[in-house]
Novice: 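Dumping the structure here so I can ask a few things about it.
Side chains included, hydrogens not; waters and symmetry mates left out as well; all remaining heavy atoms used.
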Amino acid sequence: MIPLAELRDHPERFREGARRKREEAPVDEILEVDAGARRLRSEVEAAQAERRRASAASRGAPSPEQRERLNSLRARIQEGEARLAELEARLQELLLYVPNPPHESVPDGDDERSNVTVRTWGEPPRFGFEPLPHHELGDRLGIFDFERAAKISGARFAVLRGEGARLQRALISWMLDVATREHGYTEVLPPYLVRPECMVGTANLPDKEGMAYQLRDDDLYLVPTAEVPVTNLYREEILDAARLPICHVAYTACFRREAGAAGKDTRGYVRLHQFDKVEMVRFVVPESSLDELETLTGHAEHLLRRLGLHHRVLLMCSGDMGFAQWKKYDVEVWAPGMRRWLEVSSCSAFGDFQARRANIRYRPAPGERPRFLHTLNGSGLAVPRVLDAILEARQREDGSVDVPEPLRPYMGGLERITP
RNA sequence: GGAGCGAUCGCCUAGCUGGUCGAGGGCGCCGCACUGGAAAUGCGGUAUACGGGGUCAACUCGUAUCGAGGGUUCGAAUCCCUCUCGCUCCGCCA
């Protein structure tokens with residue numbers, strides 16, 4: 001949510017922000033509704049002030065004439081209030097559709113072609129043979145079962161078996177341990193079902209309606225990412241500045257309808273309706289927001305370095321970054337079997353955009369007025385694609401796969417998965 | 001699923017025989033006094049939103065806000081209705 005007062009004073013900033021993001025923003029309609037609401041509000045307030053005075057003056061025993069006048073005042077006030085409530089509801093609704101303008105360091109561009117590679121780590125692994133894509137490796141190792149997944153749940157679901165399931169579990173545990181032990185995060189294990197206001201708080205609603213699974217009999221959504229429950233942990237709260245930054249890491253399964261992705265990534269363990277992800281969320285003071293984004297991105301990269309996986313960091317251009325983000329980096333890992341980059345983390349700074357929606361504030365110092373804090377989040381990491389990269393990058397000619405060093409303790413010391 | 005209780009200012013709480021209640025008390029916090037310094041104590045201050053005025057800062061005026069919405073009334077935190085949320089007990093279940 002963007003501040004109305006700022007939009008009123010500088011509408012061009014938000015028009016420009018939306019233009020850069022290649023999105024629509026109902027700026028003119030907001031200005032119009034706002035102007036009307038303001039006019040009406042002063043009228044209603046004047047009438048209320050009059051009623052208040054008159055009612056107090058005639059306290060206890062209003063004369064018939066006074067009574068009549070007050071009754072007509074009440075009618076006017078009620079009518080005005082009703083119309084005002086409509087206008088304000090409309091205004092609030094419209095404000096939810098104004099995108100967060102990108103930070104000035106965000107490059108302009110239409111789509112992913114304008115993203116900027118800020119750094120690359122490592123080299124693509126070399127093989128003395130033709131490396132296989134992970135789904136073929138997985139078949140040979142017997143760790144994927146897409147056919148039965150489809151039988152029980154449909155397309156874009158996966159069943160992992162044996163060492164595959166174990167490897168996934170190892171990745172989750174290891175990533176949580178690195179985040180908590182080395183990067184200073186506090187682990188939380190949140191609910192997978194959330195109320196609609198949480199989805200609005202993180203801006204997964206109303207703009208991205210249709211992305212999340214909704215329950216039929218209860219007004220709840222299945223979380224599309226841990227970002228939603230974790231960010232909303234402190235909704236409607238005023239936090240002590242001394243507590244900031246608050247850093248949480250959470251593992252959850254994530255559920256996405258992938259409605260707009262028909263035909264995309266249909267092969268392999270890449271794009272699923274349900275997948276595991278470890279997510280980092282930071283609540284910070286506004287001043288440190290963009291530094292925090294670098295820190296957060298660094299944490300995601302660190303995991304890939306430890307796994308020895310070739311990866312790169314992209315600064316998202318304005319047209320490719322999404323409605324709520326202020327600035328965003330994607331971290332992509334190289335999958336040599338498929339010969340393509342896989343997005344395994346998306347690290348975003350939101351400014352106070354989410355904090356306004358979820359009403360998360362902090363008190364800078366005792367006695368001072370509360371301010372909105374800033375939120376950030378980033379994957380650390382999306383598990384399936386990391387697993388893909390591991391399989392593909394660490395495969396041998398005989399179809400076996402070396403378990404990366406850091407994960408071995410989590411696999412009972414297992415060094416290699418063999419067919 | 002059944003029964004009951006509750007929702008007030010950062011936190012806890014009073015008010016609920018309708019006006020003097022934006023709202024008392026305590027805690028916390030801020031300032032001052034006292035002190036060598038501190039504790040204790042005393043005094044004062046301490047909500048948010050929107051709008052008007054303003055050297056657009058301090059500040060000041062107005063209006064609203066006692067879970068939400070509606071009703072009764074000249075006037076509602078206080079009375080009535082609906083809803084939401086939370087808690088407790090019973091049932092059920094892992």
Side-chain angles (χ1 to χ4, degrees), chain A residues 1-11 13 30-96 98 189-201 205 214-221 229 232-244 246 253 283 285 352 355-373:
Chain A
M1 180 108 74
I2 55 104
L4 175 60
E6 210 180 312
L7 182 137
R8 192 147 60 206
D9 295 340
H10 308 283
R13 285 185 197 167
I30 289 174
L31 291 174
E32 195 185 313
V33 174
D34 177 51
R38 287 218 282 178
R39 229 178 298 118
L40 187 54
R41 185 178 297 110
S42 21
E43 281 172 36
V44 170
E45 286 186 356
Q48 279 168 329
E50 191 185 342
R51 172 177 69 175
R52 205 181 183 189
R53 260 181 277 109
S55 179
S58 69
R59 195 175 135 82
S63 68
E65 307 85 72
Q66 284 174 321
R67 200 177 284 265
E68 196 184 327
R69 208 165 73 83
L70 285 162
N71 276 333
S72 79
L73 257 183
R74 176 173 61 194
R76 245 170 64 204
I77 290 169
Q78 281 186 339
E79 190 190 327
E81 276 181 336
R83 272 204 299 147
L84 193 56
E86 272 171 42
L87 289 180
E88 283 179 340
R90 179 80 188 125
L91 204 52
Q92 285 310 306
E93 172 75 9
L94 287 169
L95 281 171
L96 290 179
V98 179
L189 188 55
Y192 289 8
L193 293 172
V194 295
R195 296 188 167 150
E197 57 265 34
C198 292
M199 296 287 282
V200 174
L205 281 180
Q214 190 168 12
L215 299 204
R216 193 192 61 193
D217 295 328
D218 296 280
D219 200 7
L220 293 167
Y221 291 84
N232 280 283
L233 231 36
Y234 303 107
R235 63 179 298 115
E236 315 288 339
E237 289 192 36
I238 299 174
L239 303 167
D240 223 342
R243 289 182 63 187
L244 302 179
I246 292 175
F283 302 84
V285 297
D352 65 9
R356 282 179 187 278
R357 291 178 159 237
N359 195 23
I360 312 171
R361 294 173 293 170
Y362 76 106
R363 203 179 290 283
E368 284 188 38
R369 349 177 38 222
R371 296 173 66 193
F372 290 110
L373 49 71

Novice: Suppose you measure atom C1' in B:C50 against the same atom in B:C74; what distance do you get, rounded to whole Å?
Specialist: 27 Å

Novice: Taking all non-hydrogen atoms of both residues, which atom of A:L40 and which atom of A:L84 are closest, and how far apart?
Specialist: CD2-N, 3.5 Å

Novice: How far does the C1' atom of B:C11 sit from the matching atom of B:C29, given to the nearest Å?
Specialist: 12 Å

Novice: Say you pick atom P in B:G25 and the same atom in B:U46; how far apart are they, in whole Å?
Specialist: 12 Å

Novice: Mind checking the P distance from B:U65 to B:A77? Whole angstroms is fine.
Specialist: 7 Å

Novice: Work out how far the P atom of B:C89 is from that of B:C32, and round it to whole angstrom.
Specialist: 50 Å

Novice: If you draw a 6.0 Å radius around CZ in A:R83, do more than 12 non-hydrogen atoms from other residues or ligands fall strictly inside?
Specialist: no

Novice: Is A:R363 close enough to B:U46 that one of its side-chain N or O atoms is under 4.0 Å from OP1 or OP2 there?
Specialist: no

Novice: Measuring to OP1 and OP2 of B:G75, would you say a side-chain N or O of A:R74 lies under 4.0 angstrom away?
Specialist: yes

Novice: Which residue lies toward the 5' end of RNA chain B, A:R51 or A:S42, if each is placed at its nearest nucleotide?
Specialist: A:S42

Novice: Any side-chain heavy atom of A:L220 sitting closer than 4.5 Å to one from A:R195?
Specialist: yes

Novice: Below 3.5 Å between N/O atoms, which protein atoms pair up with nucleotides 59-63 of chain B? Just atom names and distances, please.
Specialist:
| residue | atom | partner | partner atom | Å |
| --- | --- | --- | --- | --- |
| B:G62 | N2 | A:E45 | OE1 | 3.1 |
| B:G62 | N2 | A:E45 | OE2 | 3.2 |
| B:U63 | OP2 | A:R52 | NH1 | 3.3 |
| B:U63 | O3' | A:Q48 | OE1 | 3.4 |
| B:U63 | O2' | A:Q48 | OE1 | 2.8 |

Novice: Work out how far the P atom of B:G24 is from that of B:A14, and round it to whole angstrom.
Specialist: 15 Å

Novice: Given B:G10, B:U73, B:U48, identify the nucleotide with an atom nearest to the side chain of A:P370.
Specialist: B:U48

Novice: Whole angstrom is fine here: how far is it from CG in A:D240 over to C1' in B:C29?
Specialist: 10 Å

Novice: Considering heavy-atom distances to RNA chain B, does A:E81 or A:E88 have its closest nucleotide positioned more toward the 5' end?
Specialist: A:E88

Novice: I'd like the C1' distance from B:G18 over to B:G75, given in whole Å.
Specialist: 8 Å

Novice: Taking side chain to side chain contact (heavy atoms under 4.5 Å, CB included) as the test, write out the residues that go with A:R76, two or more places apart.
Specialist: A:A47, A:L73

Novice: Under 6.0 Å from the CD atom of A:E79, do we count more than 12 heavy atoms belonging to anything else shown?
Specialist: no

Novice: Atom CG of A:D217 and atom P of B:G1: how far apart are they, to the nearest Å?
Specialist: 11 Å

Novice: Can you tell which of B:C74, B:G86, B:U48 lies closest to the side chain of A:R195?
Specialist: B:G86

Novice: Which value, in whole Å, describes the distance between the P atoms of nucleotides B:A7 and B:G15?
Specialist: 11 Å

Novice: Under a cut-off of 3.5 Å for both distances of each Watson-Crick or G-U pair, what dot-bracket string does RNA chain B give, using [ ] for crossing pairs and | for inter-strand pairs?
Specialist: ((((((((.[[[[.)...(....]]]]((((((.......))))))(((((((.....))))))).[[[[[..)....]]]]])))))))....

